[in-house]
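What follows is a single structure, written as structure tokens, with notes after it.
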2 protein chains.
Amino acid sequence: MAKTRRLTPELVIETAARLANERGDVSQITLTNLAAELNIRVPSLYNHVKGLEGLQRDLTVWGLQQLLAITREAVLGKVGRDALLAVAHAYRAFAHAQPGVYSLVLKAPPPEDAQLTALSNELLMILQLVLASYHLEGEDALHAIRGFRSVLHGFVSLETSGAFELPLDRDESFNRLVAIYLDGLSKN
Amino acid sequence: MAKTRRLTPELVIETAARLANERGDVSQITLTNLAAELNIRVPSLYNHVKGLEGLQRDLTVWGLQQLLAITREAVLGKVGRDALLAVAHAYRAFAHAQPGVYSLVLKAPPPEDAQLTALSNELLMILQLVLASYHLEGEDALHAIRGFRSVLHGFVSLETSGAFELPLDRDESFNRLVAIYLDGLSKN
DNA sequence: ATTATATACTAATATTATTAGTTTGTCAAG
DNA sequence: CTTGACAAACTAATAATATTAGTATATAAT
């Protein structure tokens with residue numbers, strides 16, 4: 001019976017992410033689940049995360065970092081409409097790849113959590129920069145960010161929760177929605 | 001110590017709704033909470049709801065009925081763009097009035113639950129009729145329904161979860177978003 | 001080689017949901 | 001008015017989960 005050190009923070013969080021994505025629903029990540037998956041006892045988890053709440057918080061950070069990374073990569077070398085389309089597709093791809101983690105990421109960060117808030121702001125800043133290259137600034141840009149986030153989150157959230165059941169191409173639905181919004185933005 | 005009948009199904013579900021709305025997060029409605037609020041013991045709740053899952057399901061039905069009612073009322077005597085705007089504002093008003101119940105209502109109904117599925121379909125049918133009066137039919141209408149729902153749900157969900165923190169008028173953001181989408185729909 | 005620390009463990013407790021079985025008002029039928 | 005069925009409350013017991021306290025040991029550093 002080994003008391004040897006085997007777990008790394010990465011392994012713990014990635015296992016948790018896998019469980020979250022397999023189960024879909026965040027409420028179904030339990031410390032019991034995670035401990036079993038890692039072959040340790042539940043109380044031993046407290047050496048790695050600050051309880052269930054801490055685990056979810058760590059998962060959120062992890063997810064935001066991933067989303068940030070693929071968003072940065074998506075907009076690299078792009079401006080204007082191309083960049084916005086790239087953001088849209090990166091966002092949706094992230095939600096598909098990490099359905100369980102996704103639902104954590106979109107929650108507003110608690111203001112007292114500096115790291116979460118910083119990550120969240122970084123994402124917003126990217127959007128703001130991209131919209132600036134779409135000739136939107138000031139209050140117009142802020143309204144546009146809200147609108148764009150709403151469009152992306154709304155579609156992706158309904159889609160991953162199974163609300164779009166009809167045998168109708170979801171890619172097409174998404175492309176139309178994004179196109180309509182971006183067209184509308186540029187006609188102000 | 002009274003074993004007298006005091007509770008009605010309405011009282012139970014409305015108390016649960018109040019708790020859900022006060023706490024915001026659905027995961028924080030507990031049978032313990034609800035029983036305390038009703039001044040009965042937890043097991044006695046099982047005379048009224050089929051466990052926690054049944055309670056949430058009943059709340060969902062209740063919420064859908066409300067949403068359906070205010071949507072019907074909103075579109076009464078309206079067609080085309082007027083009707084769609086009315087639906088949008090009714091939807092948002094519902095989410096503001098019932099933030100806790102709202103998060104239950106938007107989940108895709110389990111196919112085996114006939115009542116939930118029926119209510120959900122009724123809402124979709126209203127949307128479909130309204131869009132038909134906006135000169136959208138067939139696949140175009142289906143894509144449009146997805147888009148419209150995404151817009152509404154996305155904004156309202158982010159808004160009620162506290163994601164729009166900046167001191168920028170949210171009504172204005174919402175109106176712009178909806179206007180952009182509806183404009184885009186009519187220009188196909 | 002020795003020691004400090006990280007990390008695993010067991011044991012115990014609190015919270016919540018659930019089931020089983022019992023009691024007692026209430027209401028309607030005779 | 002009595003009585004009997006039923007609805008709806010109760011207590012008691014169990015299971016799942018999270019959490020804390022305290023202990024033991026392998027690994028890493030000195």
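Lettering of chains follows the sequences in order, A, B, ..., and the numbering in each one begins at 1. Excluded from the calculations below are hydrogen atoms, water molecules and symmetry mates; all remaining heavy atoms, backbone and side chain alike, are included. Since we're looking at a predicted model, the values are computed, not measured.
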Whole-Å gap separating [atom2] ([N]) and [atom1] ([X]):
X: A:Arg41; N: C:dA12; atom1: CZ; atom2: P; value: 16 Å
X: B:Leu45; N: C:dT16; atom1: CG; atom2: P; value: 13 Å
X: B:Asn33; N: C:dT15; atom1: CG; atom2: C1'; value: 12 Å
X: A:Gln28; N: D:dT17; atom1: CD; atom2: C1'; value: 13 Å
X: B:Leu11; N: D:dA7; atom1: CG; atom2: P; value: 19 Å
X: A:Ile29; N: D:dA18; atom1: CD1; atom2: C1'; value: 15 Å
X: B:Leu52; N: C:dT19; atom1: CG; atom2: P; value: 12 Å
X: A:Ile40; N: C:dA8; atom1: CD1; atom2: C1'; value: 8 Å

Can you figure out which of [options] approaches the side chain of [X] most closely?
X: B:Thr30; options: D:dT20, C:dT16, D:dC10; answer: C:dT16
X: B:Tyr46; options: C:dT19, D:dT19, C:dA8; answer: C:dT19
X: B:Ser44; options: C:dT10, D:dA9, D:dT19; answer: D:dA9
X: B:Pro43; options: D:dT20, C:dT7, D:dT11; answer: D:dT11

Next on the checklist: Does A:Thr32 reach a base, just sugar-phosphate, or nothing at all? Heavy atoms under 4.0 Å.
Outcome noted: sugar-phosphate
Checklist entry - For C:dA6, does OP1 or OP2 lie under 4.0 Å from any side-chain N or O of A:His48? => result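 So the side chain of A:His48 is outside the cut-off, no N or O lying under 4.0 Å from OP1 or OP2 of C:dA6.
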Checklist entry - Will you find, in the side chains of B:Asn175 and A:His143, an N or O donor that is under 3.5 Å from an N or O acceptor? => result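 No.
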Checklist entry - Using 4.0 Å as the upper bound for N to carboxylate O, is an ion pair formed by A:Arg92 and A:Asp171? => result yes
Checklist entry - Mind checking whether B:Phe164 and B:Phe155 have parallel, tilted or perpendicular rings, split at 30° and 60°? => result tilted
Checklist entry - Using 30° and 60° as the class limits, which term best fits the ring planes of B:His153 and A:His153: parallel, tilted or perpendicular? => result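 Geometry flag for A:His153 against B:His153: tilted rings.
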Item to check | N/O donor-acceptor pair, side chain B:Asn47 with base D:dA9, under 3.5 angstrom | outcome: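 Side chain to base: pair present.
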Item to check | Criterion ring-ring contact (aromatic ring centres under 6.0 Å, His included) on A:Tyr91 and A:Phe148, from CA distance to verdict | outcome: CA-CA 11 Å; A:Tyr91 190 91; A:Phe148 195 48; 8.6 Å; no
